[in-house]
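Read the numbers this way: they start at 1 and go in the same order the structure lists the ligands and their atoms.
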Amino acid sequence: MKYAIIGTSWITQAFIDSANTQKDFTLGGVYSRSLAHAVEFASKNNCDYAYDDLVTLAKSGVDAVYIASPNSLHYEQAKLFLTHGKHVICEKPAAVWPEQLRRLHDLAHENGLVFMEAIMMLHQPHLKTVKDSLEKLGKIETVRLDFCQYSSRYQSYLDGNLPNIFNPQFATGCMMDLGVYVVYPALYLFGRPKEIITRANFLPSGADISFSSLFLYDDKHIVLTASKAAESRIGSEILGNKGTMTIGTLFQLADIGIEYVDGKKEAVIGEVPRLELMANEVKDFIRYVTHPRESAQELAQAQQLSLTVLETIAEMRRQAGISFPE
Ligand SMILES: NC(=O)c1ccc[n+]([C@@H]2O[C@H](COP(=O)([O-])OP(=O)(O)OC[C@H]3O[C@@H](n4cnc5c(N)ncnc54)[C@H](OP(=O)(O)O)[C@@H]3O)[C@@H](O)[C@H]2O)c1
């Protein structure tokens, strides 16, 4: 299978490095707004095909595309490739609005193609290990899911620049960037909450820089926190009356253990190399494309979760007053 890439930042290079660990999945096209940059990026990755025109790339012989452009561009770009018969793996969040994501799922389905949101944690075998381990914790009433990471682009913003990540024009900000990493595990592990309360803090650019949210269920509360201007040091916790699960790095599902009320400790998952994280995601994408019948149910479940996460994030954005230009 030949794939193309849109976007040439570090995450695309990480995707290519992970894709290179898979057999029969080769880079067959590089798109950049600048042809010179596309040529340079392609040649660095042993690819002979560079483009500065998306339609020409969509009409080329590649089978699939990996989209890693700013969020606000995902929908139109994914639609273009799906209507040209290409499978799509699209960076998170795959769309800005749930209706857009529903349309992309429908388009893929109608054309016998795969559309997959690139969310690494969903493709880690560890996610099921975490779910299966919950019963060891006893009755769970309190959960704290946290992803606060000082952004490498925050200083640039403070220096008077406007990086895409803090420019609402691109449907970015903390909720769109980090929100998925706390909402995905909340919904995967505990389902949809009955009620949500969300508040955010904003930069003068209009982008949210941090948010807190409370997910209320009949029998438990989940507190979700995320920030791009501060670094959390204590990670996430799932607290039960028999034991507490600590999750050191939530987005990687790494460094996870249980400490029981009698003081006994159990390691659940250790460190996970980033290359392996993305490789698992790529592996699933290839499997969905090459074994459509066998993987149809799994893909449908992943798409349903992806949609429920985006619906939830849209509601959190509404409550917090996070908005983007049309
Ligand atoms: N899964 C993960 O761990 C992870 C990590 C980081 C980011 N992401 C996701 O990946 C996507 C890209 O994030 P990023 O931080 O890499 O974004 P970015 O640096 O702002 O832009 C990514 C690429 O899009 C192109 N681009 C930049 N500005 C553009 C504009 N104004 N119009 C059209 N194209 C533009 C650039 O490629 P050219 O200059 O070559 O055209 C750039 O390399 C986002 O959806 C983000 O959520 C995921």
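Counting the atoms of ligand 1 from 1 in the order shown, those under 4.0 Å from a heavy atom of S32 are 38 (P), 39 (O), 40 (O), 41 (O). The H74 neighbourhood of ligand 1 comprises atoms 45 (O), with distances under 4.0 Å to a heavy atom of that residue.
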Passes side-chain contact (heavy atoms from CB on, under 4.5 Å), S32 versus F41? Steps please. CA-CA 9 Å; S32 171; F41 194 87; over 6 Å; no

Any chance you could lay out the side-chain contact (heavy atoms from CB on, under 4.5 Å) test for R317 and V96, step after step, and finish with the verdict? CA-CA 11 Å; R317 288 195 326 242; V96 178; 3.8 Å; yes

Should T198 and S213 be marked as a side chain to side chain donor-acceptor pair (under 3.5 Å) after you check the CA-CA gap, both sets of side-chain angles, and the distance that decides it? CA-CA 4 Å; T198 307; S213 195; 2.7 Å; yes

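Nearest to atom 35 (C) of ligand 1 by heavy-atom distance, out of Q252, Q13, E117, R33, is R33. Nearest to atom 37 (O) of ligand 1 by heavy atom, out of I119, I6, T8, is T8.
The protein non-hydrogen atom at the shortest distance from atom 16 (O) of ligand 1 is S9 OG, 2.5 Å. Remark: minimum distance from atom 24 (O) of ligand 1 to any protein heavy atom is reached at P70 CD, 3.3 Å. Given atom 28 (N) of ligand 1, the protein heavy atom at minimum distance is N164 ND2, 3.0 Å. The single protein non-hydrogen atom nearest to atom 45 (O) of ligand 1 is N71 OD1, 2.6 Å, given as residue, atom name and distance. Atom 7 (C) of ligand 1 has its closest protein heavy atom at I11 CG2, 4.0 Å. Of the protein's heavy atoms, S69 O, 3.3 Å lies nearest to atom 11 (C) of ligand 1. The protein heavy-atom contact nearest to atom 48 (C) of ligand 1 is E91 OE1, 3.1 Å.
The closest approach between L73 and ligand 1 falls below 4.0 Å for a heavy atom of the residue. Ligand 1 has at least one atom lying under 4.0 Å from a heavy atom of W10. Heavy atoms of Y66 stay at 4.0 angstrom or farther from ligand 1. For the ligand labelled ligand 1, residue M278 lies outside the 4.0 Å heavy-atom shell. At a 4.0 Å cut-off, not a single heavy atom of F251 sits close enough to ligand 1 to count as contact.
Cation-pi geometry between K228 and Y154 is not met: the NZ or CZ atom fails to fall both under 6.0 Å from the ring centre and inside 45° of the normal. No cation-pi contact links R103 to W97, judged by a cut-off of 6.0 Å to the six-membered ring centre and 45° from its axis.
Geometrically, ligand 1 and S34 share no nitrogen or oxygen pair separated by less than 3.5 Å.
For the atom pair CG of L275 and OG1 of T21, the computed distance is 5.5 Å after rounding to the nearest 0.5 Å. To the nearest 0.5 Å, atoms CG (L101) and OG (S306) are separated by 4.5 Å. Here the CZ-CG distance, from R144 to L239, works out to 7.5 Å after rounding to the nearest 0.5 Å. In this structure, Y3 OH and D63 CG are separated by 12.5 Å, a value rounded to the nearest 0.5 Å. If you take CD1 on I209 and CZ on F202, they are separated by 11.0 Å, rounding to the nearest 0.5 Å.
Residue contacts with ligand 1, taken as heavy atom pairs separated by less than 4.0 Å, involve K92 via backbone and side-chain atoms alike. Contacts between R153 and ligand 1, counted as non-hydrogen atom pairs separated by less than 4.0 Å, involve the side chain only. Under 4.0 angstrom from ligand 1, the non-hydrogen atoms of R274 all belong to its side chain.
Here E266 does not pair with K264 in a salt bridge; the nearest charged N to carboxylate O distance is not below 4.0 Å.
Within the 4.5 Å cutoff, side-chain heavy atoms of E91 are placed close to those of H74.
Within a 4.0 Å radius of atom 13 (O) of ligand 1, the protein has no heavy atom.
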